[in-house]
Amino acid sequence: MGRWTTTVFSFSITATDGAARRGVLSTPHGDVETPCFMPVGTRGAVKALTHRDLEDLGAEIILGNTYHLHLRPGDELIARAGGLHAFIGWPHAMLTDSGGYQVFSLAGMRRVTEDGVRFRSHLDGDLHTLTPESATDIQARLGSDIAMVLDELVDPDSAAAPAMERTARWAARARARMLELRSDARLAKSVLVTNTGQAQFGIVQGGTDPALRTESVQRTLAVGFEGYAIGGLSVGEPVDVMYDVVAHTAPQLPAGQPRYLMGTGMPDDLVACVARGIDMFDCVLPTRNARNGQLLTRQGVISIKNAQYAEDLNPPDPECGCLTCRRFSRAYLRHLYVVGEMGAAMLNTAHNLYFYLDLMARIREAIVFGSFEKLRSEFHRTFSRRPQQSR
Ligand SMILES: [Zn+2]
């Protein structure tokens, strides 16, 4: 077993176009074509969709939330069920975050020390501690195919250097724990490891400072992981700054390993960051916005609750091939939203995820055929972030 591969996890690049990369992640639960978008299944479910819906949409990997699953229903129960795949009935690939993002969002309910972070559950106020080691163990019990290290997040106005340095120290501890679990079968059994092929990704921090990002890359690479994430972006910085940080950071990561941009973003961000060498994305935006009546289309954002759609019998996006757009009108979707039918969330979510997953499929095809730049310029020309007024 090499240092950067598990026996079953691997990544191969099959085509490139400029800095854009087309590849395949091989995981214990199937292959994932990249660049990919991972729908977010916070509590073991993608809100408003069934697993069957996700399979029909072509989702090959979804994301689970360590913080929420640790608190409810608990990772030990999930381990006894055979791991997260078995517990939720999703046989395809899964990635779990470290739980750090949620903990650091609990303003006033957490305290960070060198050991880890102590926090109060948002459910019952009970005290918990998350350390680099325990975040590794929890994810080993969940048995996701890709586990993330615990990192320290800072708000964009604070100094980024101390958090970057602590993240690097925590990365070494998380990796040491992971290698211990891989090499000691008795320990793995006592921890209830459910997926011996689990990969572990390090996270590059450093805010918007190029020098800090470079130092974070070097320190994270020195530890050595199966893949690398860029964290701490999409937290309120201007979008051009985010793109600059990605353009600065991604080329410094190993060419043969997967690169994951955490928590981003709008459809045009995906296109822009594939162009800067990113392979993997996740974001709550398409699912959360769907539940708020926002449809993402090739032309931009449609707010379906607006009165202008009350009698609009056109499909939400005439160019979209999803079931929602093939069958239903804007007027019907607005009606479902206004009267509070569950179908509103289901149909809107199905459309938004179809839009994201189809966009990634078109990007992958364009990279193979050397036409990614054409797709990119066309997409940026037609897509607008401002809600559409009328057409
Ligand atoms: Zn659609």
Side-chain angles (χ1 to χ4, degrees), residues 33 35-41 45-63 92 264-272 274 281-366 375-376 378-391:
E33 308 281 342
C36 69
F37 178 80
M38 302 180 280
V40 177
V46 173
K47 287 185 170 68
L49 292 189
T50 66
H51 294 348
R52 175 67 187 274
D53 295 329
L54 289 166
E55 287 167 347
D56 288 347
L57 289 166
E60 294 176 318
I61 181 169
I62 61 172
L63 194 139
H92 315 290
T264 300
M266 286 294 279
D268 48 345
D269 293 333
L270 271 51
V271 175
V274 165
F281 299 89
D282 80 285
C283 195
V284 294
L285 196 143
T287 41
R288 178 180 291 166
N289 285 27
R291 299 194 302 281
N292 295 327
Q294 294 227 313
L295 298 171
L296 295 146
T297 76
R298 288 190 202 205
Q299 293 75 39
V301 182
I302 289 179
S303 196
I304 203 68
K305 56 193 155 190
N306 287 355
Q308 73 187 90
Y309 300 119
E311 298 183 7
D312 187 340
L313 298 175
N314 293 300
D317 179 354
E319 290 177 69
C320 178
C322 87
L323 207 64
T324 303
C325 292
R326 290 209 313 264
R327 242 179 129 156
F328 306 111
S329 66
R330 295 172 177 181
Y332 179 59
L333 293 179
R334 178 177 184 274
H335 163 70
L336 292 182
Y337 185 89
V338 168
V339 299
E341 279 290 338
M342 278 187 276
M346 295 158 67
L347 294 173
N348 294 348
T349 302
H351 164 80
N352 276 0
L353 277 185
Y354 179 96
F355 179 68
Y356 270 61
L357 295 170
D358 179 64
L359 173 62
M360 300 316 287
R362 289 190 291 125
I363 287 173
R364 291 193 296 269
E365 188 180 81
L375 179 151
R376 179 190 179 191
E378 280 176 11
F379 190 88
H380 287 310
R381 193 173 66 242
T382 55
F383 183 84
S384 162
R385 290 192 176 199
R386 286 188 304 279
Q388 289 186 292
Q389 290 313 306
S390 61
R391 273 198 290 150

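First listed ligand is number 1; within each ligand, the first listed atom is number 1. Just so you know, residue 1 is the first one in the sequence shown, and it goes up from there. Values below: all heavy atoms of this structure, side chains included; hydrogens, waters and symmetry mates excluded.
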Can you name the salt bridge (Lys or Arg N to Asp or Glu O under 4.0 Å) partners of E33, sequence neighbours left out? R22
Output all residues satisfying salt bridge (Lys or Arg N to Asp or Glu O under 4.0 Å) with R288, sequence neighbours left out; order by chain, then residue number. none
Which atom names give the shortest non-hydrogen contact between T264 and L270, and what distance separates them? O-CD1, 3.7 Å
Compare every heavy atom of F383 with every heavy atom of M266, then report the nearest pair and how far apart it is. CE-CZ, 4.0 Å
Applying salt bridge (Lys or Arg N to Asp or Glu O under 4.0 Å) to D53 and not counting sequence neighbours gives none
Using atom types as modelled and distance alone, determine if a side-chain donor or acceptor of N352 lies under 3.5 Å from a backbone N or O of R291. no
Under 2.8 Å from the Zn ion (ligand 1), which protein N, O or S atoms do you find? Ignore water molecules. C320 SG, C322 SG, C325 SG, H351 ND1
